[in-house]
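Predicted model only: the values in this text are computed from it and were never measured. Chain A is the first sequence line, chain B the second, and so forth, proteins listed ahead of strands; every chain is numbered from 1.
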Number of protein chains: 2
Amino acid sequence: MAKTGDRGRARARTAPAPALAALDFALDRVSPVPLYHQLAQQLQAAIEHGSLAPGDLLGNEVDLSVRLGLSRPTVRQAIQSLVDKGLLVRRRGVGTQVVHSRVRRPLELSSLYDDLEAAGQGPTTQVVRNEVVPASCEVAAALGVPEGSEVAALERLRRTHGRPVALLRNYLPVSLLALDDARLESTGLYRMMRSAGITLHSARQTVGARAATPEEATRLEEREGAALLTMERTAFDDTGRAVEYGRHIYPASRYTFDFQLLIRA
Amino acid sequence: MAKTGDRGRARARTAPAPALAALDFALDRVSPVPLYHQLAQQLQAAIEHGSLAPGDLLGNEVDLSVRLGLSRPTVRQAIQSLVDKGLLVRRRGVGTQVVHSRVRRPLELSSLYDDLEAAGQGPTTQVVRNEVVPASCEVAAALGVPEGSEVAALERLRRTHGRPVALLRNYLPVSLLALDDARLESTGLYRMMRSAGITLHSARQTVGARAATPEEATRLEEREGAALLTMERTAFDDTGRAVEYGRHIYPASRYTFDFQLLIRA
DNA sequence: AAGTGGTCTAGACCACGTT
DNA sequence: ACGTGGTCTAGACCACTTC
């Protein structure tokens, strides 16, 4: 690269480049979507699209806010959200730059969506059991309800390419939502919860493995003693109430958990 | 509860109570730790200690900021950080309240700390292999380095109560940090990275299961064909560079992954 | 010394949920 | 109608990094 004279700002020797020259950001002040979110979305799009390459500097926040006609806190809020997502890095005295290796996927939820969402065309879900039962000791403890109180017990068999990939056993507080088989098989539990106004907030999971019992082997179309992945999970909504408890098994030959951890300082 | 006259603010019927009466918050404006962080810590302490019970309202942000002698954005920043942690819930028109079920643990990192930190008195770690080798195709792809370039190959056997609980096989870019066996066995990889100035930011994991091969069974002191948990992970630092790739196995009879997911809107 | 992000202030108006 | 959090502004000073 030729090192030509530069009337404006001197270019640092090591620094990648000024970057983010004049990408056009269209901010709609009438839109109900917040300005910081609009900006964040467009920055993210620029990163994913490649207009902003890994290592590129964003330019300082003050200039940015002036150029965009926004206040600095608003710009910071947008940038911060992308930093939280792992797309940008801030360094004092240096600037904000695009992360080097693109984050693989915003997969965030591990198998939670897999398990609850269903939906997709590939996998099919068959409701094997759907009834109201008194809560066992174990279920009651997980859901934080009195032992013996009524809970919905759900058992679903999920298949991909015609073969079983999961046996999902869920327990939910009754009166949380209506569980009809047809919707469960087509829509998925997760979407049913959302449309019932339930916002998932966190989940606690334990993943283990063991050999399949004869009965499990039969149902999952595996050999007896085949390796199974087991998962136990309690999900909580945004008020901290347990809304789902599940004990699931997966044939290890056809299923792995795949997820991304975000380390927070 | 007697319903007596109330000159001040009327008390809502369902609402728990005004709450957060006059907990003393000691803010040190000289301290290098930010005010919003000091406030967040003290709020969290009050929640964990029980001074703020689940469901308690915090009182509106404006009043709070006045009482604390802080600006509202600062107070909001503190509250927001606890909302992100799942300790508080905000509701428009209602207020901010303590989440109902206490979040179990801030475990956030699943087995990452387990695997990398070692440290603790219970588990011991034995370095079985520690050498520099040319990167295989698989390792090169995971770490984003050229195939055949030098990487550190590490193999450690971890025991609790004298029995193996994990066989950890790691690959790291050479020149990232010095890996001497003694420190690895006492300090743990994770702390060594931190003290080398490496800040972990995210990790991508795949967890599966399978039967142990004869050799694996021997090393993990298990029967041949016993169920194993397998985990493959690539960890990235805050600049997005891969800093660790691991292929680990765990005897399922003595190990489970246990972690908490935070769902982000 | 200069430039960057990190923190903080003191207001403002709006959207939403409750009453 | 009212009170709540949600958003936004236009500044200020500080701490850290690099030159």
Side-chain angles (χ1 to χ4, degrees), chain A residues 8-16 18-20 27-40 56-84 88-97 197 199 238-239 265, chain B residues 8-16 18-20 27-40 56-84 88-97 197 199 238-239 265:
Chain A
R9 297 161 189 191
R11 183 170 306 186
R13 204 172 50 83
T14 313
L20 183 68
L27 298 174
D28 177 3
R29 301 192 90 97
V30 187
S31 162
V33 37
L35 291 172
Y36 72 86
H37 195 239
Q38 292 183 40
L39 176 55
D56 277 1
L57 286 171
L58 236 59
N60 77 60
E61 298 172 349
V62 181
D63 286 358
L64 238 186
S65 61
V66 172
R67 278 179 31 207
L68 296 172
L70 296 173
S71 70
R72 188 183 164 208
T74 301
V75 171
R76 274 185 66 82
Q77 195 173 357
I79 291 177
Q80 186 58 49
S81 70
L82 296 184
V83 170
D84 291 341
L88 297 176
V89 196
R90 290 208 242 231
R91 297 179 173 285
R92 273 213 267 231
V94 179
T96 303
Q97 51 186 315
T199 311
D238 57 4
T239 70
Chain B
R9 297 165 186 188
R11 182 169 307 185
R13 205 172 49 86
T14 314
L20 182 70
L27 298 172
D28 177 1
R29 301 192 89 98
V30 187
S31 161
V33 36
L35 292 173
Y36 72 86
H37 195 238
Q38 292 183 41
L39 176 54
D56 277 0
L57 286 170
L58 237 60
N60 78 57
E61 297 173 350
V62 181
D63 286 358
L64 238 186
S65 61
V66 171
R67 279 179 30 206
L68 295 171
L70 295 173
S71 68
R72 187 182 164 209
T74 302
V75 172
R76 274 185 66 82
Q77 196 172 356
I79 292 177
Q80 186 59 49
S81 71
L82 296 185
V83 170
D84 291 341
L88 297 177
V89 197
R90 289 209 242 231
R91 298 180 173 284
R92 274 213 265 229
V94 179
T96 303
Q97 52 186 315
T199 312
D238 58 5
T239 71

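The side chain of A:T96 places no N or O atom within less than 4.0 Å of a non-bridging phosphate oxygen (OP1 or OP2) of C:dT4. Phosphate proximity of C:dT4 to A:N60: present, with a side-chain N or O under 4.0 Å from OP1 or OP2. At the phosphate of D:dC8, neither OP1 nor OP2 sits under 4.0 Å from any side-chain N or O atom of A:Y36. OP1 or OP2 of C:dG11 has not a single side-chain nitrogen or oxygen of B:S71 nearer than 4.0 Å.
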For residues 68-75 of chain B, tabulate all N or O donor-acceptor pairs below 3.5 Å that involve a side-chain atom, not counting sequence neighbours.
{"unit_1": "B:S71", "atom_1": "OG", "unit_2": "B:T74", "atom_2": "OG1", "d": "3.0"}
{"unit_1": "B:R72", "atom_1": "NE", "unit_2": "B:E61", "atom_2": "OE1", "d": "3.0"}
{"unit_1": "B:R72", "atom_1": "NH2", "unit_2": "B:E61", "atom_2": "OE1", "d": "3.0"}

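Distances from the side chain of B:P73 to the nucleotides C:dT18, C:dC8, C:dA10 place C:dA10 closest. Listed candidates were D:dG5, D:dT9, D:dT7. Nearest to the side chain of A:Q77 is D:dT7. Distance from the side chain of B:E61 is smallest to D:dG5 among D:dT9, C:dC8, D:dG5. Nearest nucleotide to the side chain of B:L35, out of D:dG5, D:dT9, C:dC8: C:dC8.
Base contact: B:R76 has a heavy atom under 4.0 Å from a base atom.
Rounded to whole Å, atom C1' of D:dT7 lies 15 Å from atom CG of A:D28. Following rounding to the nearest Å, B:L64 (CG) and C:dA10 (P) show an atom-to-atom distance of 16 Å. Summarising the geometry, the separation between CZ on B:R29 and C1' on C:dC8 is reported as 8 Å, rounded to the nearest angstrom. Atoms NE2 (A:H37) and C1' (D:dT7) sit 13 Å apart, rounded to a whole Å. The distance from atom CG of A:L57 to atom P of C:dT4 is 10 Å, rounded to the nearest whole Å. If you measure from atom CD1 of B:I79 to atom C1' of D:dT4, you get 12 Å, rounded to the nearest angstrom. Atom CG of A:L82 is separated from atom C1' of C:dG5 by 16 Å (rounded to the nearest Å). Following rounding to the nearest Å, A:R91 (CZ) and D:dC19 (P) show an atom-to-atom distance of 14 Å.
Rounding to the nearest 0.5 Å gives a distance of 10.0 Å between CG of A:L35 and CD of A:Q77. Residue B:T96 holds its OG1 atom at 8.5 Å from CG of B:L64, rounded to the nearest 0.5 Å. One distance of note links CG of B:L88 with CG of B:L57; it measures 11.0 Å at 0.5 Å rounding. For the atom pair CG of B:L82 and CG of B:L39, the computed distance is 8.0 Å after rounding to the nearest 0.5 Å.
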What N/O pairs connect the protein and nucleotides 12-14 of chain D at under 3.5 Å? Give each pair on its own line.
{"unit_1": "D:dA12", "atom_1": "N6", "unit_2": "A:R72", "atom_2": "NH1", "d": "3.3"}

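Looking at every heavy atom in both residues, A:S65 comes nearest to A:V62 through OG-O, 2.7 Å. Summarising the geometry of A:V33 relative to A:Q38, their closest heavy-atom pair is O-NE2, 2.8 Å, with the distance given to 0.1 Å. Between B:R91 and A:D238, the closest heavy-atom pair is NH2-OD1, 3.7 Å.
Remark on DNA chain D: of its neighbouring residues B:R90 and A:L70, the 5'-side contact belongs to B:R90, judged by nearest-heavy-atom nucleotide.
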